[in-house]
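A quick write-up on the structure given underneath.
Throughout, protein chains are lettered first and strands after them, A, B, ... in sequence-line order, and every chain is numbered starting at 1. Note that the coordinates shown come from a computational prediction; the quantities given were computed from them, not determined experimentally.
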Protein chains: 2
Amino acid sequence: MTPKMKATPCCGQQHHHQEAVDQVLAHLPQEDLLYDLAELFKIFGDSTRIKILYVLFERELCVCDIAQLLGMTQSAVSHQLRILKANSLVKFRRQGKTVFYSLDDDHVRSILALGMEHIQEE
Amino acid sequence: MTPKMKATPCCGQQHHHQEAVDQVLAHLPQEDLLYDLAELFKIFGDSTRIKILYVLFERELCVCDIAQLLGMTQSAVSHQLRILKANSLVKFRRQGKTVFYSLDDDHVRSILALGMEHIQEE
DNA sequence: TGAACACATGAACAGTTGTTCATATGTTTG
DNA sequence: CAAACATATGAACAACTGTTCATGTGTTCA
């Protein structure tokens with residue numbers, strides 16, 4: 001990360017702050033990891049996808065059932081399932097013409113649950 | 001949720017599916033809760049904000065230190081801190097001219113940790 | 001094999017979002 | 001009080017994202 005700040009050294013240099021900056025830098029995860037993490041949460045950050053995940057919380061469902069439950073186009077649902085699949089949040093199995101989707105692992109459930117806890121606190 | 005699907009009843013009506021749909025509907029959280037949940041994850045879904053959160057993981061920092069660490073404008077950081085604050089992900093305390101930010105509660109740490117686990121699995 | 005069905009996907013358009021730039025607010029110090 | 005400093009905020013613009021519409025792929029069944 002190259003600083004883009006101006007010559008203005010912002011809150012002087014003779015603070016406790018330089019020590020703080022150094023300490024943080026020592027423990028900061030790699031930039032690309034943080035980027036991937038943001039990408040992951042971006043997937044959860046859409047109400048359509050959240051609804052799909054919650055609808056799959058208890059059991060697998062086929063695409064058109066999801067669409068019916070959510071009152072959405074099959075196409076829209078399919079596009080979102082594609083994204084969820086690409087990020088390993090859902091898996092699928094094919095049975096004849098229909099494709100059944102389900103949550104991929106328990107991380108998904110845990111993350112959803114933690115998020116729920118947070119918003120229900122305030 | 002009002003179904004917007006066409007008259008095409010999509011994958012017939014005489015499937016196992018109707019039963020599935022009913023079961024899911026019985027356990028589905030309220031629509032506005034799901035919406036709020038998506039809004040929460042949307043906050044985590046930006047790499048700048050993720051970086052800010054991680055930079056605050058171990059200790060509080062002032063705005064300009066965060067900006068320096070991230071190589072970003074003070075303004076950009078301030079805008080993001082505003083969003084994080086509004087969603088109770090960070091809190092702040094004022095000390096003279098400088099404002100120190102820190103993570104608001106441990107949910108934030110837990111959610112970040114779970115996300116990290118997920119992306120490091122594949 | 002061909003029609004019907006369930007699902008996938010590409011292009012395009014509208015709405016949303018993050019950054020920049022300029023400026024405002026609030027605090028300290030002389 | 002005025003100047004300096006740390007931070008906050010409003011407007012605007014570029015980039016991204018989700019939906020729609022049209023069409024493509026793959027499977028079943030007559």
Side-chain angles (χ1 to χ4, degrees), chain A residues 1 4-17 20 35 38-39 41-52 60-68 70-87 90-101, chain B residues 1 4-17 20 35 38-39 41-52 60-68 70-87 90-101:
Chain A
M1 305 186 204
K4 291 162 197 156
M5 295 294 292
K6 295 300 164 54
T8 332
C10 125
C11 78
Q13 288 108 327
Q14 62 279 42
H15 280 182
H16 35 147
H17 302 187
Y35 185 81
E39 289 304 301
F41 286 123
K42 203 169 289 183
I43 311 300
F44 287 91
D46 174 78
S47 61
T48 295
R49 288 191 290 267
I50 283 283
K51 287 179 194 170
I52 292 179
E60 65 176 12
L61 287 175
C62 73
V63 177
C64 74
D65 281 349
I66 299 174
Q68 185 187 336
L70 270 50
M72 293 188 59
T73 312
Q74 172 268 319
S75 176
V77 170
S78 203
H79 275 296
Q80 299 304 343
L81 283 171
R82 185 171 197 264
I83 296 176
L84 292 170
K85 192 193 331 178
N87 288 271
V90 302
K91 60 188 174 192
F92 67 99
R93 70 181 176 90
R94 175 151 223 151
Q95 181 178 320
K97 280 180 294 188
T98 86
V99 177
F100 289 93
Y101 281 88
Chain B
M1 303 186 204
K4 291 161 199 159
M5 295 291 293
K6 295 302 163 52
T8 332
C10 127
C11 76
Q13 289 107 328
Q14 62 280 41
H15 280 183
H16 34 150
H17 303 186
Y35 186 81
E39 289 305 300
F41 285 123
K42 203 170 288 181
I43 311 301
F44 287 90
D46 173 79
S47 61
T48 295
R49 287 191 291 266
I50 283 283
K51 286 179 195 169
I52 293 179
E60 65 175 13
L61 288 174
C62 74
V63 177
C64 74
D65 281 349
I66 299 175
Q68 184 187 338
L70 271 48
M72 294 187 59
T73 312
Q74 171 269 319
S75 177
V77 171
S78 202
H79 275 295
Q80 299 304 342
L81 283 171
R82 186 171 197 265
I83 296 176
L84 292 170
K85 193 194 331 178
N87 288 270
V90 303
K91 60 190 175 191
F92 66 100
R93 70 181 177 89
R94 177 151 222 148
Q95 181 178 320
K97 282 178 293 187
T98 86
V99 177
F100 289 94
Y101 281 86

Phosphate oxygens OP1/OP2 of C:dA8: is one of them under 4.0 Å from a side-chain N or O of A:Tyr101? yes
Nearest to the B:Thr73 side chain among C:dT9, C:dT20, C:dA8, which nucleotide is it? C:dT20
Closer to the 5' end of DNA chain D via nearest nucleotide, is it A:Gly96 or B:Arg82? B:Arg82
For residues 77-86 of chain B, tabulate all N or O donor-acceptor pairs below 3.5 Å that involve a side-chain atom, not counting sequence neighbours.
{"residue": "B:Gln80", "atom": "OE1", "partner": "B:Arg49", "partner atom": "NH1", "Å": "2.8"}

In whole angstrom, what separates B:Phe100's CZ from D:dT7's P? 8 Å
Between C:dA6 atom P and A:Arg93 atom CZ, what is the distance in whole Å? 16 Å
Is A:His79 stacked on the base of D:dT19, meaning ring centres closer than 5.5 Å and planes within 30 degrees of each other? no
A:Leu70 atom CG is separated from D:dG18 atom C1', nearest whole Å, by 14 Å
Determine the contact category for B:Phe92: base if any of its heavy atoms lies under 4.0 Å from a base atom, sugar-phosphate if only primed atoms, P, OP1 or OP2 are that close, otherwise nothing. nothing
Considering heavy-atom distances to DNA chain D, does B:Val99 or A:Thr48 have its closest nucleotide positioned more toward the 5' end? B:Val99
I'd like to know if B:Ser75 reaches the base of C:dC21 with its side chain such that a donor and an acceptor end up less than 3.5 angstrom apart. yes
Evaluate the side-chain proximity of A:Glu60 to A:Arg93: yes if any heavy-atom separation is below 4.5 Å, no if none is. yes
Base of C:dA8 paired with side chain of A:Gln74 (donor-acceptor, under 3.5 Å): yes
Expressed in angstrom and rounded to an integer, what is the separation of A:Ile83 atom CD1 from C:dT9 atom C1'? 12 Å
Between CG of A:Asp65 and P of C:dA6 the distance, given in whole Å, is 10 Å
The side chain of A:Gln80 is closest to which nucleotide in this list: D:dG18, D:dT20, D:dT7? D:dG18
Whole angstroms only, please: what is the NZ-P distance between A:Lys42 and D:dC16? 9 Å
A:Leu61 pairs by side-chain contact (heavy atoms from CB on, under 4.5 Å) with which of A:Val99, A:Thr98, A:Ile66? A:Ile66
If every non-hydrogen atom of A:Ile50 is compared with every non-hydrogen atom of A:Phe44, which pair is closest and at what distance? CG1-O, 3.0 Å
Considering only side-chain heavy atoms of A:Ser78, which listed nucleotide, C:dT20, D:dT9, C:dC7, is closest? C:dC7
Given C:dT20, C:dA6, C:dA8, which nucleotide is nearest the side-chain atoms of A:Thr98? C:dA6
Whole angstroms only, please: what is the CZ-P distance between A:Arg94 and D:dG26? 9 Å
Please tell me which of the listed nucleotides, C:dT20, C:dG18, D:dG18, lies nearest to the side chain of A:Arg49? D:dG18
B:Tyr101 vs B:Phe92 aromatic rings, parallel, tilted or perpendicular, using cut-offs 30° and 60°? tilted
Work out which heavy atom in A:Gly45 is nearest to a heavy atom in B:Lys42; give both atom names and the distance. O-CE, 2.9 Å
Separation of atom CG in B:Asp46 from atom P in C:dT16, rounded to whole Å: 18 Å
Looking at D:dT19, C:dA8, C:dT28, which one has an atom nearest to any side-chain atom of B:Lys97? C:dT28
